Amino acid sequence: MKPTNIQDPEFFHRVIDCQYACPAHTPVPEYIRLIAAGRYSDAYLINWESNVFPGVLGRTCDRPCEPACRRGRVDDEPVAICRLKRVAADNKDDIAARLPKAPGVKNGKRVALVGAGPASLTVARDLAPLGYHLDLYDEQSKGGGFMRSQIPSFRLPEQVLDEEVGYILNLGVVTHFNRYVDSLKGLLGQGYDAVFVGSGAPRGRDLPKLPGRQEADTAIHIGIDWLASVAFGHVTSVGKRVIVLGGGNTAMDCCRTARRLGGDEVKVIVRSPFADMKASPWEKDDAMAEDIPIIDNHVPLEFVVEDGRLIGMKFDRVEARYDANGKRSLVSTGEEPAFYPCDEVLMAIGQENAFPWIERDIGIEFDQWEMPAVDRVTFQSSNPRVFFGGDAAFGPENIITAVAHGHQAAVSIDRFCRGENVAERPLPGTTLITQKMGIHEWSYDSRVEIDRRYKVPHAEKALALGDRHVEVELGFDRDTGYKEAERCLNCDVQTVFTDSLCIECDACVDICPTDCINFLETAGQGEAELRSRLRIPAVNLEQPLYASGALKTGRIMVKDEDVCLHCGLCAERCPTSAWDMQKFLYQVTKAAPIL
Amino acid sequence: MTYIRPQFRHPNLPANELGFTRKDYEGALSTLCAGCGHDSVSAAIIEACFELAIEPHRVAKVSGIGCSSKTPTYFLGNSHGFNSVHGRMPSVATGANLANREMIYVGVSGDGDTASIGLGQFAHVTRRNLNMVYIVENNGCYGLTKGQDSATADVGSASKKGEPNPYEAIDLCSLALQLGATYVGRSFSGDKAQLVPLIKGALAHSGFAFIDVISPCVTFNDTPQSTKSYDFVREHREATGKLDFVPMRKEITADYEPGYTQEVTLHDGSVIHLYKTGQGSVRDRDGALSAIREHKRAGRILTGLLYVDPDSQEFHRTLGTVKTALRNLDVAELCPGNKILDNINNSFR
């Protein structure tokens, strides 16, 4: 195995599991430490710089960071990263003065942004400080996109969204709300230097061919459209008995909203097995806690209509079978169809992209699924002036992915407008700094706490169900936030090894609580062979090995990064400082430094 | 100050036949200098006891005074321990062993504790063939009192102060061989592949098992002029051969490398396989002594298992003591009764 090249910014980045898993690569341990230090505003700004909507994401993020969290591999549950982000947002001071401003003199370039969701707003946030003139178009009356129309206010209070959308609009973005862009050709004709399409995946799937669909049309709604109608006050009530079809987070939002609008008997009925549902586990828990049963393995057969009125639905009972490749098929059990009575049905069975407003003769290629050809790195389409991001680029994802797209699209737009090669990407910003303060003393809290994950308190159920504006999750208070923050293992504080200093005394091997460190004879074997020969074989192939060059005895040091606790004991027991704990800060490439 | 060992361990930590993991054999966190060889010896003892699936409560750790003698705190935290007077560990071990022969006695001592103040006690515990493991963590200096040369420092070797040692060194393995030790080995703290099986063999051996472990003092005696530094020992040591320890209850399934020259079946049925590089038998006491001498003359340090007598007669057998631990003897066994007492008294009349 070759010595690890720690100059490659991606090596240590990969060790920071949460940050690596985050599409926007937010420096999670860095802001968690600031929360523990009570520096909420600083923690907020690190987030804001990286993910633009800390208050929103602290409540609604899909949290790809948490399943990745190293803590989850040594303890029962990962750090409550998402809810800590909210602690920073809830407890920050007024940070308006610390935010960037648009320069007084513009740079002369004009960019149009279609859709005012997280992707477009991120592009706006990144480009406005550089002096771009930005026109933001959206058919809704306010900015926020699906964060406003689809996420119910009991999960995301409106003022939180307004505040964070406001920070961006205050950068001098020219808004064109209540304005549906019906022609990209027309927009391009207005002489914009670049156009960013962040129009989302606005079309909810339907079951047009299911018997009874037409007859019962007034009692059947597309989930995302219905949620938007609720959000904007057009729908204020729902039938007593409601069936929600679908197993994703939109289904969970629909059923919980229905409970608040008068639905006494709300059920979620889903085709797949419970475990395969797309909804986040905590969203399912929250729905079930509001007396909403989730009935799985039921495939819709028919909307049952009597006297012109919807009275219920019929379902085929199925079971999931998996073939050798793990591919699932739902096979009917052959039982009688199940009938569930209802007054209204909400369909949350998926979303699709739709670009009826993009002409097909303006140089943007579309594939067989009517999706535009978009470069995965640059987000540029086959028309070099047009960039895509968010759900509009590759189909429905989530807020944090839209933000990540926005950052990269902004880099591309900036390079494009300055006549530079869009495919050449500037390197991420990195720093690597020792944390040593003295003997047994580090500038980070190296102690590993044994606390179990803390639970977020919820509002009283009766109160929450009575008003859709009452936020269910109350967030951690400062004390609990501190304790949860202390569960973080500080995976960004890296164990950095210097070959030439090592005297091979084995002190690090002996002290390491998780048996990560090995000194091995090697005869040029590859990584796979080495993995099997470690003190504890490195079976988690997603985690890298850190290998040194040949030491004095000809052996090499091999560290399995998998369950390193970043406790610093290797460095404390090292007599020659061959091991050192160094903080690695990785910042994703952006169009310009924001803060 | 954050010198605290985390509670978490590797989720795939293996368990031994008792269901224990290495964590169950750990002790308190070491307070020795970072990089001290003694910590590696502690880790090797933990590994050996873990692999042999020894129940921690069956072990008694005994030690004297010194850096080495502090270490029993840092391994086998669930075992018994006695930190005795300087150089007097053999007396305490002898007393304990006579009172309870069912325990496993692990003595840890240093070059000062054994070769200076405790030399007299060491001599006698050796010649009595007390059933124990006696490990010397030998760094050639008095680390706890700032690194003065000890009685095992070689002539000409210089510690941090830089003054070459003028006195002849005591070779503890030679001494142990001359005094009748029945299991003698030498190893290096930086070579667990050799040290762990050596300790396992010593634990299985019935009789006095002595291991001299060269264990560098990083603070005072890891200098370029020292013969007990990491670098010097690595460059000058020569193993008698590779050894494998196979516990009695484990079926021999491994394919042994060709060329092993000797196997020794110990008292409890376990087997030591030796892949010897040199000539001579590991059961030849005189041969072992001359091999040590020859290597020393050539500027080499001979390591590995130097001598073993698996059929030796340990102290209890020599004394003909009762087969059980004294604490298990009840009144009926301890008190012979009036009739027998009268007979005994009459025999003196």
Side-chain angles (χ1 to χ4, degrees), chain A residues 70-75 437-450 489 502-516 519-521 534-540 551-555 560 562-579, chain B residues 1-15 21-23 26-47 50 71 74-75 139 188-193 195-196 215-220 222-224 229-235 237:
Chain A
R70 181 166 277 108
R71 179 105 191 177
R73 297 199 293 277
V74 292
D75 193 4
M437 306 275 283
I439 295 176
H440 305 330
E441 203 177 352
W442 304 101
S443 61
Y444 74 107
D445 199 348
S446 62
R447 183 180 165 141
V448 178
E449 299 296 340
I450 56 168
L489 297 175
C502 180
I503 59 166
E504 299 176 65
C505 68
D506 273 4
C508 51
V509 179
D510 297 334
I511 197 72
C512 178
T514 44
D515 296 280
C516 302
F519 287 83
L520 299 175
E521 310 274 351
L534 303 190
R535 281 167 71 80
I536 298 183
V539 291
N540 184 354
L551 303 170
K552 253 186 200 162
T553 60
R555 297 184 299 173
D560 179 10
D562 186 18
V563 291
C564 169
L565 301 172
H566 298 260
C567 62
L569 286 185
C570 51
E572 289 193 29
R573 294 307 288 170
C574 181
T576 59
S577 293
W579 287 109
Chain B
M1 296 284 281
T2 53
Y3 195 45
I4 297 160
R5 180 160 42 199
Q7 294 292 307
F8 296 115
R9 293 293 178 273
H10 199 295
N12 300 342
L13 208 57
T21 65
R22 272 200 294 268
K23 190 184 184 187
E26 288 172 1
L29 204 55
S30 170
T31 57
L32 299 174
C33 306
C36 180
H38 298 3
D39 286 332
S40 289
V41 180
S42 298
I45 295 171
I46 290 172
E47 186 68 33
F50 162 76
T71 65
Y74 313 137
F75 60 84
N139 57 18
F188 170 48
S189 67
D191 184 3
K192 288 207 191 67
L195 181 54
V196 172
S215 171
C217 173
V218 274
T219 304
F220 295 110
D222 195 32
T223 61
S229 68
Y230 280 108
D231 284 350
F232 184 91
V233 178
R234 285 215 171 91
E235 281 160 23
R237 103 200 146 95

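Note on naming: letters A, B, ... go to the chains in the order of the sequence lines (proteins, then strands), and numbering restarts at 1 for each one. No hydrogens, no waters, no symmetry mates; every other heavy atom, side chains included, goes into these values. Given the structure is predicted, the values throughout are model-derived calculations rather than measurements.
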Subject >> Interatomic spacing from CD1 in A:I536 to CZ in B:R22 - rounded to 0.5 Å >> reply: 5.5 Å

Original post:
Can you name the closest pair of heavy atoms from B:P6 and A:C567 and give their distance?
Top reply: CG-CB, 3.6 Å

**OP:** Pick one of side chain, backbone, both or neither for B:S30, based on which atoms fall under 4.5 Å of a heavy atom in chain A.
**Re:** both

Original post:
Got B:D231 and A:E504 here, is their nearest side-chain heavy-atom distance under 4.5 Å?
Top reply: no

**OP:** Kindly write out the residues that satisfy salt bridge (charged side-chain N to carboxylate O under 4.0 Å, His left out) with A:D560, not counting sequence neighbours, or none if the list is empty.
**Re:** none

**OP:** Compare every heavy atom of B:K192 with every heavy atom of A:D506, then report the nearest pair and how far apart it is.
**Re:** OD2-NZ, 3.2 Å

Original post:
Is it true that a side-chain atom of A:T514 and a backbone atom of B:F8 form a donor plus acceptor pair closer than 3.5 Å?
Top reply: no

Original post:
For A:L565, is it the side chain, the backbone, both, or neither that has a heavy atom closer than 4.5 Å to a heavy atom of chain B?
Top reply: side chain

Subject >> Check: A:I511 and B:L29 side chains under 4.5 Å, non-hydrogen atoms >> reply: yes

Original post:
Of the non-hydrogen atoms in B:A43 and A:D510, which two are nearest, and what is the gap between them?
Top reply: CB-OD1, 3.2 Å

Original post:
When heavy-atom pairs shorter than 4.5 Å are enumerated against chain A, which of B:P14, B:C33, B:A193 gives the highest number?
Top reply: B:C33

Subject >> Partner set under salt bridge (charged side-chain N to carboxylate O under 4.0 Å, His left out) for B:R234, not counting sequence neighbours >> reply: none

Subject >> Which atom of A:D515 lies closest to which atom of B:L13, heavy atoms considered >> reply: OD2-CD1, 3.3 Å

**OP:** Could you grab the distance from atom CD1 of A:I450 to atom CD of B:Q7, nearest 0.5 Å is fine?
**Re:** 5.5 Å

**OP:** Mind ranking B:S229, B:P216, B:S40, B:G190 by heavy-atom pairs under 4.5 Å with chain A and telling me who comes out on top?
**Re:** B:S40

**OP:** Please name the pair of heavy atoms, one in A:P513 and one in B:R9, separated by the smallest distance, quoted to 0.1 Å.
**Re:** O-CD, 2.8 Å

**OP:** Begin with the C-alpha distance, continue with both residues' side-chain angles, and end with the deciding distance and a verdict on side chain to side chain contact (heavy atoms under 4.5 Å, CB included) for B:I4 and A:H440.
**Re:** CA-CA 9 Å; B:I4 297 160; A:H440 305 330; over 6 Å; no

Subject >> Heavy-atom proximity to chain B below 4.5 Å, by part of A:V563 >> reply: side chain

